[in-house]
Amino acid sequence: MIKKTAFVLLFITLILNCKADDNYKKYTQSSFSMGTLLEITIFSTDEAKVKKILDESMKLSNQLEDKFSCHKDSIITKLNKEKSLIINDNEVLDLLIKSKYLSKLSKGNFDLALFNITELWGFSSGDPKLPDNNIIKNELKKTGYTNVIINKKEVKLLNGVSLDLGGVAKGRIINLIAVFLKQNGFKDFIINGGGDLIVSGKFQNIRPWRIAIVDPFDKNDFLGFIALTDKSIVTSGDYERSFIKDGVNYHHIIDPKTGYPSTNEVHSVTVISSDSTKADAMATAVFVMGEKKGIEFANKTDDLDVIIITGDKDNKKISYSNKITAKKTDKGKWEFTYRD
Ligand code: AMP
Ligand code: MG
């Protein structure tokens, strides 16, 4: 009897699910934000609401970008100029506290106070150039997260350092958009801010999201896929912003120890974590650490897994941390699996 009731209940549930799914549609909106393409996809039954919330999410992204930018007329720009400021904006203050914590966690391989060096290279200006070696050496003295002192709302920058939150802001912005979407009752969505992703719930309410991982040797192709739900997945690659001078490829991820783009054979780092702010900063940090140290670091750090690609076009090497497995499919692509 119990079995029969359970069967009837299951059957009714299935019918209800099928009915609900008829109107459970996919809505996607994209717009240029954070210096990249921001794309949000939501599954919902409420078309009017989803369109309104998608518009508001794009606005939210632009507002947050204006706050966190070190190039616009922002609180960060004011702090960089005045070197001491009371910060009353909680979103800015929270990101500063978190960025300092992540700088420490990564032993300075991610450094929130690297502006004086990143500004010299000019990758975010769209017109990067190779700086003079002596200037790099000088400016390197004015970097380092330990020079950022946060005391309640007061932030002080010592020894001439300035802040660049470019390596962490995208992760925080998609995090705040995800919070906004959840507050508005959405559960199944994906936010992609130029390679920084949050996947929530399921695709069409039935299966995990399937995320493609870019081939760093051909950014228009994919190296493989990974199925995820309720996670953030962030990739930093040397193909994103770079220039070649005298046969040398200079990319936008700087080793804070040298002031030059990191040179350790890493071509891309993909981080999986439940925290997109952490994932963003740690993708940059692990890129600088290199393959061996990066894997060790991920294996001993809570809520942090990585896929690191080294080698060259014809001889790619793929390394990954403990919670990830991988196998090559017949089609020559990798199928990665993540287990919590
Ligand atoms: P992402 O787009 O997350 O890979 O971050 C790259 C951006 O972060 C660069 O354009 C710089 O503005 C900044 N950046 C580069 N290297 C570092 C570093 N080692 N620590 C912190 N920020 C960095
Ligand atoms: Mg980053």
Side-chain angles (χ1 to χ4, degrees), residues 33-38 65 68-72 76-77 80 95-96 98-128 131 136 139-140 143-148 161-175 192-198 214 216 219 232-243 250-264 266-273 275-290 293-294 297 304 306 308:
S33 186
M34 309 181 273
T36 183
L37 192 72
L38 170 65
E65 186 198 351
F68 300 153
S69 170
C70 55
H71 294 108
K72 299 185 174 180
I76 300 298
T77 300
N80 282 345
L95 185 55
L96 288 177
K98 180 117 189 185
S99 299
K100 186 171 175 192
Y101 161 76
L102 292 168
S103 299
K104 192 171 176 207
L105 179 73
S106 71
K107 297 203 167 65
N109 285 297
F110 169 81
D111 182 3
L112 84 158
L114 203 58
F115 177 86
N116 291 323
I117 291 291
T118 55
E119 191 63 356
L120 284 180
W121 287 92
F123 283 104
S124 1
S125 73
D127 182 26
I136 289 186
E139 292 300 316
L140 205 52
T143 64
Y145 72 94
T146 54
N147 291 309
V148 183
V161 304
S162 290
L163 308 183
D164 174 0
L165 302 179
V168 72
K170 270 187 291 176
R172 174 48 59 103
I173 291 173
I174 61 169
N175 163 239
N192 182 355
D196 285 28
L197 283 85
I198 289 179
V214 174
K219 62 179 172 182
S232 171
I233 174 164
V234 170
T235 298
S236 274
D238 64 358
Y239 52 85
E240 288 170 71
R241 274 173 276 163
S242 62
F243 66 91
Y250 296 96
H251 60 79
H252 72 304
I253 299 171
I254 308 291
D255 183 343
K257 291 185 289 303
T258 64
Y260 281 82
S262 68
T263 50
N264 52 23
V266 174
H267 294 289
S268 83
V269 172
T270 296
V271 170
I272 298 169
S273 168
D275 174 350
S276 58
T277 314
K278 179 176 177 179
D280 193 4
M282 293 304 107
T284 308
V286 169
F287 199 106
V288 175
M289 286 177 201
K293 284 192 181 150
F297 175 72
L304 184 76
V306 294
I308 303 179

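The chain is numbered in sequence order, starting from 1. Order of appearance sets the numbers: ligands from 1, and atoms from 1 within every ligand.
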Item to check | Atoms in ligand 1 flagged as close to P256, the criterion being non-hydrogen separation under 4.0 Å | outcome: 19 (N)
Item to check | Closest protein heavy atom to atom 23 (C) of ligand 1, given as residue, atom name and distance to 0.1 Å | outcome: T284 CG2, 4.0 Å
Checklist entry - So how far is it from L102 CG to K278 NZ, rounded to the nearest 0.5 Å? => result 7.5 Å
Checklist entry - Which is closest to atom 18 (C) of ligand 1 in terms of heavy atoms, T235, L112, D255, L114? => result L114
Checklist entry - Which of these passes side-chain hydrogen bond (donor to acceptor under 3.5 Å, both in side chains) with D164: T143, N116, T118? => result T118
Next on the checklist: Counting non-hydrogen protein atoms only, what is the nearest one to atom 19 (N) of ligand 1? Give residue, atom name and distance.
Outcome noted: I254 O, 2.8 Å
Next on the checklist: Nearest 0.5 Å, please: how far is CZ in R172 from CG in D275?
Outcome noted: 7.0 Å
Checklist outcome for this item: The protein heavy atom nearest to atom 20 (N) of ligand 1 is D111 N, 3.0 Å
Checklist entry - Between S268 (side chain) and S236 (backbone), is there a donor-acceptor pair under 3.5 Å? => result no
Checklist entry - Taking atom CD1 of I174 and atom CG of D280, what is their separation to the nearest 0.5 Å? => result 7.5 Å
Checklist entry - To which protein heavy atom is atom 1 (P) of ligand 1 closest, and what is the distance rounded to 0.1 Å? => result S236 OG, 3.8 Å
Checklist entry - Say you draw a straight line from CG of N264 to CG of D255; how long is it, rounded to the nearest 0.5 Å? => result 8.0 Å
Next on the checklist: Would T118 count as being in polar contact with ligand 1, using the rule that some N or O on each side must be under 3.5 angstrom apart?
Outcome noted: no
Next on the checklist: Under 2.8 Å from the Mg ion (ligand 2), is there any N, O or S atom belonging to D196?
Outcome noted: no
Checklist entry - So, is G167 placed with an N/O/S atom under 2.8 Å from the Mg ion (ligand 2), counting both backbone and side chain? => result yes
Checklist entry - Is a side-chain N or O of H252 found less than 3.5 angstrom from the main chain of W121, in a donor-acceptor match? => result no
Checklist entry - Just by distance, do the side chain of K98 and the backbone of T277 share a donor-acceptor pair under 3.5 Å? => result no
Item to check | Proximal atoms of ligand 1 relative to R241 (non-hydrogen, under 4.0 Å) | outcome: 2 (O), 10 (O)
Checklist entry - Roughly how far, to the nearest 0.5 Å, is the CG atom of L165 from the CZ atom of F115? => result 11.0 Å
Checklist entry - Backbone, side chain, both or neither: what part of F110 comes under 4.0 angstrom of ligand 1, heavy atoms only? => result both
Checklist entry - What protein heavy atom is closest to atom 5 (O) of ligand 1, reported as residue, atom name and distance in Å? => result G167 CA, 3.4 Å
Checklist entry - Does ligand 1 have a heavy atom under 4.0 Å from the side chain of N109, from its backbone, from both, or from neither? => result backbone
Item to check | Sub-4.0 Å heavy-atom contact, S124 with ligand 1 | outcome: no
Checklist outcome for this item: of all protein heavy atoms, closest to atom 15 (C) of ligand 1 is H252 O, 3.3 Å
Checklist entry - Among protein heavy atoms, which lies nearest atom 3 (O) of ligand 1, and at what distance? => result D280 OD1, 2.9 Å
Item to check | Protein contact to atom 13 (C) of ligand 1 [nearest heavy atom, distance to 0.1 Å] | outcome: D164 OD2, 3.8 Å
Item to check | Metal check, the Mg ion (ligand 2) vs S236 N/O/S, cut-off below 2.8 Å | outcome: no
Checklist entry - Do T270 and T235 meet the criterion of a side-chain donor-acceptor pair at a distance under 3.5 Å? => result yes
Item to check | Of Y239, F243, F287, the residue whose pairing with H251 passes ring-ring contact (aromatic ring centres under 6.0 Å, His included) | outcome: F287
